[in-house]
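This report refers to the structure that appears directly beneath it.
Note that the numbering runs from 1 along the sequence shown for the chain. Not measured: the values here are computed from a predicted model.
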Amino acid sequence: ETIVIRRNRVAQPSIPDAYILRPGVGYIDLSSGFNYSTTDELNVALQTLQKQGMTSLILDLRDNPGGILEQAIRVAEKFLPRGSTIATQRGRLVIDNRTWRSNNLSPEILPLIVLVNDESASASEIVAGALQDYDRALIIGENTFGKGLVQSVIDLPYGAGLTLTTAKYFTPSGRLIQRDYSQGNLYDYYQHNEKSGGVGAKVANRTIGGRTVYSGDGIAPDINVKSPSQSDAQAILFDDIFMFSLELSAGKIDGFEHYRIEKQRDVAIRIGAKDFPVSIEILVAFDEFVQKHGSSGVSTGLLKKESKFIAERIRYNLLSAAYGNITAKQVLIENDVQVDKGLETIPRARQMSRVAEVNLKRSTSFK
């Protein structure tokens with residue numbers, strides 16, 4: 001049998017999801033890097049959320065590896081007034097030096113929270129650094145990766161090439177984004193195992209409002225909130241949770257046939273409490289499933305201790321089957337400690353945005 005398959009376009013949005021997280025609080029997931037459509041996607045997301053009553057915003061840059069610099073500049077520009085420096089590039093030669101400034105005459109002034117982690121790198125660090133330097137956003141999460149190099153490719157014979165670092169990126173206040181890599185090897189660098197130090201490390205700078213920030217180790221958050229790591233017990237349960245969810249979504253768990261999912265729905269939704277709720281009865285059914293078909297060594301005590309984790313992952317799997325991973329991620333965001341801290345500190349971000357607005361009207365330059 002011969003089947004003709006035609007490859008189709010696969011959408012790769014840089015903003016996979018945006019929705020109202022809490023009344024008045026918008027959430028934009030900008031975790032997929034900066035591509036050619038990022039600014040347009042951001043404009044659409046902001047307009048849509050503002051029509052839904054958004055008065056403050058959580059911008060999620062966690063796990064964002066970077067991408068097209070010009071798009072990152074436009075994202076930062078959305079929140080900074082005309083004349084504000086967004087980033088500078090400094091190299092050995094004058095030709096390598098460059099400065100990017102905002103041209104926005106009417107920037108967004110709503111309170112802003114930016115989430116980052118150790119996988120936020122390059123262009124996402126430029127956005128976070130610029131917004132932090134101007135006290136325009138409250139940065140929450142973990143230290144970013146620290147990748148701020150400009151590289152040029154030099155062609156070599158036989159199709160080879162040499163990638164040569166020719167300049168480095170700096171934030172508006174003059175902070176070096178690049179983390180020191182003179183100590184240790186490449187593996188240590190990517191795993192954050194190398195010792196800190198080197199030229200430019202831990203040099204103090206000031207934000208436009210006078211707060212102390214440091215140079216040479218990525219972007220340090222204003223509020224450090226470490227994302228909890230998965231425990232060994234939770235790792236043991238993953239396969240059992242997945243297999244149970246598979247049976248549940250196939251309508252094969254007695255008493256829960258109505259959870260059957262015929263096919264994935266090609267539509268984005270904002271999930272609510274009525275979308276695949278995981279009740280005590282489902283947890284009991286999971287307990288029975290594990291005792292019959294599950295991994296060895298999983299005790300009833302463990303199931304009781306990890307009931308919250310189990311319920312979250314079952315619901316995630318069901319929503320993933322029904323709507324895809326992007327919509328299902330909303331379940332994880334609802335129970336995210338860094339997002340929770342962002343929600344908690346919106347009043348502080350609101351106060352900061354007011355002060356920043358006054359400071360930026362006076363001057364966009366740093367002392």
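Side-chain contact check for Ser124 versus Phe34: some heavy-atom pair is nearer than 4.5 Å. Counting heavy atoms from C-beta on, the side chains of Val213 and Thr171 never come closer than 4.5 Å. With a 4.5 Å cut-off on side-chain heavy atoms, Leu110 and Thr55 do not count as touching. Using a 4.5 Å cut-off on side-chain heavy atoms (C-beta onward), Ile219 and Val116 make no contact. In this structure, Gln151 and Thr165 have side chains that are in contact, with non-hydrogen atoms separated by less than 4.5 Å. Here the side chains of Phe170 and Asn205 are not in contact, with every heavy-atom distance at 4.5 Å or above. You'll find the side chain of Ile113 reaches within 4.5 Å of the side chain of Ile346, heavy atoms only.
Among pairs with a residue in residues 92-120, those fulfilling salt bridge (charged side-chain N to carboxylate O under 4.0 Å, His left out) read Glu70-Arg98, at least two apart in sequence or across chains.
Ring pair Phe309/Phe238: centre-to-centre distance below 6.0 Å.
A donor-acceptor pair under 3.5 Å links the side-chain atoms of Glu41 to the main chain of Ser14, judged by distance alone. For Ser120 (side chain) and Leu61 (main-chain N/O), a donor-acceptor pair under 3.5 Å exists by modelled atom type.
A salt bridge links Asp336 with Arg62; the closest basic N to acidic carboxylate O contact falls under 4.0 Å. Here Lys329 pairs with Asp29 in a salt bridge; the nearest charged N to carboxylate O distance falls below 4.0 Å. The pair Glu77-Arg136 fails the salt-bridge criterion, with no side-chain N (NZ, NE, NH1 or NH2) lying under 4.0 Å from an Asp/Glu carboxylate O.
For Tyr323, there are no ring pair (Phe, Tyr, Trp, His ring centres under 6.0 Å) partners at least two apart in sequence or on another chain.
Ring geometry, Tyr259 versus Phe276: the interplanar angle falls from 30° to 60°, so the pair is classed tilted.
Contact record, Glu306 with Ser231: OE2-OG, 4.1 Å, taken as the closest heavy-atom pair.
With 3.5 Å as the limit, one finds a donor-acceptor pair spanning the side chains of Gln330 and Asp17. One side chain, Gln132 or Arg175, offers a donor N or O that lies under 3.5 Å from an acceptor on the other. At a cut-off of 3.5 Å, with distance as the only test, a side-chain donor of Arg206 or Thr212 sits close to an acceptor on the other residue.
The residue from Leu246, Ile241, Leu248 that alone fulfils the side chain to side chain contact (heavy atoms under 4.5 Å, CB included) condition with Phe244 is Leu248. Each of Arg348, Lys341, Arg211 was scored for a salt bridge (Lys or Arg N to Asp or Glu O under 4.0 Å) with Asp222, with one residue passing: Arg211.
Linking Ile, Leu, Val, Met, Phe, Trp and Tyr residues whenever their side-chain heavy atoms come within less than 4.5 Å leaves Tyr316 and Ile310 in two separate clusters.
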